[in-house]
Number of protein chains: 2
Amino acid sequence: MTRVLLADDHQLLRQALRRAFEDSGVMVVGEAADGEEATRLVDELRPDIVVMDVTMPVLDGVEATRRIHSAWPDLPIVMLTMHGEAELRAEAVRAGAAAFLTKDSSMQEVVATVLATAAGEALSPDLASTILAEFAETGTTLPPRPAESPLTKREEEILQHIADGYSTSEVAAKLFISGKTVKNHLASIYDKLDARDRTQAVLSAVRIGIIRIA
Amino acid sequence: MTRVLLADDHQLLRQALRRAFEDSGVMVVGEAADGEEATRLVDELRPDIVVMDVTMPVLDGVEATRRIHSAWPDLPIVMLTMHGEAELRAEAVRAGAAAFLTKDSSMQEVVATVLATAAGEALSPDLASTILAEFAETGTTLPPRPAESPLTKREEEILQHIADGYSTSEVAAKLFISGKTVKNHLASIYDKLDARDRTQAVLSAVRIGIIRIA
DNA sequence: GGAGCGATAGGTCGTACGGCCTACTGCCGG
DNA sequence: CCGGCAGTAGGCCGTACGACCTATCGCTCC
């Protein structure tokens with residue numbers, strides 16, 4: 001019998017999934033309320049498959065997937081998410097997720113996907129299309145971070161420092177370059193991000209997720 | 001028999017709740033995937049009670065609750081939320097929610113709360129404590145917005161415009177005040193948010209959630 | 001080998017920005 | 001009734017900022 005581990009911080013959903021699985025002859029061997037607990041229970045219970053929510057306290061689903069996948073490369077992990085953000089999908093794929101479902105799915109879909117994945121279907125059709133799209137886009141194997149950022153590494157570095165609260169001259173000092181060069185990079189950043197000042201540039205970068213907000 | 005309307009954008013959770021209710025002899029007369037649909041179905045189906053998620057597309061649960069409550073003041077509405085944020089609870093109470101549950105609750109708790117609420121228990125113990133705490137805190141009736149923001153309304157307004165991409169003089173023009181006054185407000189904002197320029201002020205405000213990031 | 005780009009650096013210019021100050025009005029609370 | 005705060009407005013000053021320009025170096029791609 002298929003042995004599944006559920007990881008979701010909402011008890012309500014865990015109960016719902018447990019019932020759906022048990023009705024379909026799938027055994028739920030454990031439940032985790034956060035990513036840390038999930039990684040621990042995987043080691044302890046050795047499930048055949050893991051169903052994991054993306055957003056969880058302590059350790060989020062993507063990071064937990066990354067850790068579990070590196071320890072148990074053959075263990076399929078099905079991810080659940082609130083909404084089907086493309087960015088998140090790509091991230092989940094990189095972390096090692098075998099399938100990807102939104103919570104808009106029905107119980108039947110979830111169970112079917114889990115059974116199919118456990119049975120060896122490498123990738124859900126849904127996930128396959130995401131991957132194919134990514135391959136087509138980058139033309140290579142999955143890099144650690146494709147970063148569809150329009151900025152160069154240096155530009156991102158400079159903008160990050162600006163977001164961290166440093167002035168032009170302070171950024172220059174930190175990077176051992178001229179303040180003039182920092183301003184040049186900023187001008188290029190404004191151009192690329194369609195921003196007219198550092199405030200808008202930082203907000204744009206935050207929006208598209210290329211810089212970290214302290 | 002108690003007739004309940006479910007409003008949640010996640011089919012998975014709706015199915016789970018429907019089952020739990022039906023097993024307990026509660027009739028689910030309808031399901032809504034967003035707040036707008038919920039308000040419409042209430043008019044159409046006249047349920048005895050509504051169970052509604054806070055976060056939903058089109059029209060969020062709080063706003064939907066507000067509308068339903070103003071149209072049907074006697075219809076009890078039980079709100080579900082991901083996490084038990086105090087701010088959200090207060091907001092939900094003001095909107096007219098009769099009870100408040102997090103998704104960390106078990107199915108049994110949800111069903112029990114819904115039955116108790118439908119049976120006439122005005123407020124769940126949980127909710128009552130929230131309300132009492134709020135009264136103790138403010139000492140008055142519920143104000144429209146407690147807003148633990150260090151900024152005044154005007155300052156928030158100005159900072160929001162800055163975040164929206166407007167310059168000092170543009171903000172002044174939009175608000176029909178002098179550019180000098182805008183700068184005065186900004187100086188006050190920098191002081192309160194411990195920021196040294198508009199970029200840091202906007203980021204601080206985003207962090208503490210007092211301005212909306214476009 | 002040249003074209004192109006990223007990173008570096010510089011110049012100039014106008015202005016927006018931010019610090020620090022005074023001042024008046026209206027309102028609320030003691 | 002007066003003190004304090006929010007909102008309004010102004011002056012002054014130094015400088016950081018952003019626009020626009022040229023220029024060099026090294027790398028890669030064709």
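So that the names make sense, note that chain A is the first sequence line, chain B the second, and so on, each numbered from 1.
A salt bridge links B:Arg154 with B:Glu157: the closest approach of a Lys/Arg side-chain nitrogen to an acidic carboxylate oxygen falls below 4.0 angstrom.
Counting non-hydrogen atoms under 4.0 angstrom, A:Asn184 reaches a base of the nucleic acid.
Using a 4.5 Å cut-off on side-chain heavy atoms (C-beta onward), A:Leu6 and A:Leu13 make no contact. For the pair A:Thr181 and A:Leu175, the minimum side-chain heavy-atom distance is 4.5 Å or more.
Shown here are the side-chain contact (heavy atoms from CB on, under 4.5 Å) partners of A:Arg67, two or more places apart in sequence or in another chain: A:Thr39, A:Leu59, A:Glu63. Checked against salt bridge (charged side-chain N to carboxylate O under 4.0 Å, His left out), B:Asp164 has the following partners two or more places apart in sequence or in another chain: B:Arg212.
Bracketed by its first and final contacts, the part of DNA chain D lying under 4.0 Å from non-hydrogen atoms of chain A reaches from D:dC17 to D:dC21 in 5' to 3' order.
Within residues 186-193 of chain A, no residue is approached by DNA chain C to less than 4.0 Å at the level of any non-hydrogen atom. Listed by residue number, A:Ile177, A:Ser178, A:Lys180, A:Thr181 are the residues of residues 166-181 of chain A with a heavy-atom contact under 4.0 Å to DNA chain C.
Dashed line: the shortest gap from a side-chain N or O of A:Arg196 to OP1 or OP2 of C:dA16 is not under 4.0 Å.
Environment of CZ in A:Arg196: crowded, with over 12 heavy atoms of neighbouring residues, nucleotides or ligands closer than 6.0 Å. Within a 6.0 Å radius of OH in A:Tyr190, other residues, nucleotides and ligands contribute more than 12 heavy atoms. Other residues, nucleotides and ligands contribute at most 12 non-hydrogen atoms within 6.0 Å of the CG atom of A:Asp194. Atom CZ of B:Arg40 sits in a crowded spot, with more than 12 heavy atoms from other residues, nucleotides or ligands closer than 6.0 Å.
Rounded to a whole Å, the CG atom of B:Asp197 is 9 Å from the C1' atom of C:dC17.
Nearest approach of A:Ile77 to A:Met52, heavy atoms of both residues: CG2-CE, 4.0 Å. Nearest heavy-atom pair, A:Glu31 versus A:Leu41, reported as atom, atom and distance to 0.1 Å: O-CD1, 3.3 Å. Taking every heavy atom of both residues into account, A:Glu155 and A:Ser188 meet most closely at OE2-OG, 2.6 Å.
Proximity of a side-chain donor or acceptor of A:Gln160 to a complementary backbone N or O of A:Glu156 within less than 3.5 Å is not detected.
Nearest-nucleotide positions on DNA chain D for B:Ile158 and B:Lys183 put B:Ile158 closer to the 5' end.
Between its two ends, the helix from C:dG1-D:dC30 to C:dG30-D:dC1 turns its axis by 50°, counting five pairs per end and rounding to 10 degrees.
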